[in-house]
Novice: 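Shown below is the structure under consideration.
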Amino acid sequence: MHEMSIAEGIVDIALQTLAANKGRVIHAIQLRLGVMSGVEPDALQFCFAAVTKDTAAANATLQIEMVPLRGRCLDCDYEFSVADYVFKCPRCKSIAIQTITGRELQVASIDMD
Ligand SMILES: [Zn+2]
């Protein structure tokens with residue numbers, strides 16, 4: 001389950017930020033998670049609860065914002081949302097598609113005192 005190491009990474013960032021700001025407690029962490037990041041949100045929540053135990057983030061909530069999948073056609077520059085993982089340009093039918101969003105795994109903000 002790679003969600004465990006991801007959860008550890010998130011908590012590391014949060015605790016470092018907390019220390020850098022001389023804070024005491026973390027209330028919430030907002031995470032941007034792409035639908036194609038390969039991370040299972042429920043599993044991540046479970047791991048988050050486990051790795052925050054006995055830390056300054058023990059009572060923190062992990063707020064996950066799912067980022068939809070968008071692609072750009074490399075042939076005609078058209079941008080579109082990718083449905084059902086069909087990487088095909090709706091305008092020119094090209095399959096040369098670059099993923100613009102949907103792979104994010106990013107701590108957006110941290111609420112702390
Ligand atoms: Zn196109």
Side-chain angles (χ1 to χ4, degrees):
M1 187 153 67
H2 72 145
E3 277 82 3
M4 189 56 91
S5 56
I6 292 166
E8 284 169 353
I10 293 166
V11 173
D12 276 353
I13 291 170
L15 292 176
Q16 282 168 19
T17 307
L18 183 74
N21 289 280
K22 302 195 188 335
R24 288 174 298 111
V25 61
I26 295 172
H27 300 298
I29 300 171
Q30 282 87 34
L31 186 74
R32 285 169 55 78
L33 190 63
V35 294
M36 276 229 342
S37 61
V39 178
E40 180 56 52
D42 289 347
L44 188 58
Q45 290 284 10
F46 179 81
C47 296
F48 180 80
V51 297
T52 52
K53 215 171 181 182
D54 301 324
T55 72
N59 294 314
T61 51
L62 181 64
Q63 298 163 346
I64 300 177
E65 180 200 347
M66 296 305 289
V67 181
L69 188 56
R70 285 187 67 80
R72 178 193 293 124
C73 175
L74 295 177
D75 286 321
C76 75
D77 250 4
Y78 188 65
E79 284 188 18
F80 58 98
S81 44
V82 179
D84 301 325
Y85 301 101
V86 178
F87 287 86
K88 189 174 181 181
C89 178
R91 197 157 76 175
C92 75
K93 312 294 179 205
S94 168
I95 53 163
I97 306 300
Q98 177 187 24
T99 305
I100 308 170
T101 64
R103 296 185 191 274
E104 291 78 358
L105 177 57
Q106 187 178 69
V107 174
S109 64
I110 301 167
D111 293 340
M112 62 180 91
D113 274 317

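What you are looking at is a predicted structure, and each value in this text was computed from that prediction instead of being measured. Every number for a ligand or one of its atoms is a count from 1 in the order of the listing.
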Novice: Is there side-chain contact between D75 and C89, with heavy atoms separated by less than 4.5 Å?
Specialist: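 No; the side chains remain at least 4.5 Å from each other.
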Novice: Please tell me if the side chains of S81 and P68 come closer than 4.5 Å, counting only heavy atoms from C-beta onward.
Specialist: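 The answer is no; the side chains never approach within 4.5 Å.
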Novice: Any side-chain heavy atom of Q30 sitting closer than 4.5 Å to one from E65?
Specialist: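 Q30 does not reach E65 side chain to side chain.
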Novice: Just to be sure I understand the site: which N, O or S atoms from the protein are less than 2.8 Å away from the Zn ion (ligand 1)?
Specialist: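 Hits for the Zn ion (ligand 1) below 2.8 Å: C73 SG, C76 SG, C89 SG, C92 SG.
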Novice: Evaluate whether atom CD1 of I100 has more than 12 neighbouring non-hydrogen atoms of other residues, nucleotides or ligands under 6.0 angstrom away.
Specialist: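 It does: I100 CD1 has more than 12 such atoms within range.
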Novice: Taking M4 as the starting point, is it possible to reach I13 by hopping between hydrophobic residues whose side chains are less than 4.5 Å apart?
Specialist: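 Yes: a chain of side-chain contacts under 4.5 Å links I13 to M4.
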Novice: How about V25 and N59: do any of their side-chain heavy atoms sit closer than 4.5 Å?
Specialist: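 Answer no - side chains too far apart.
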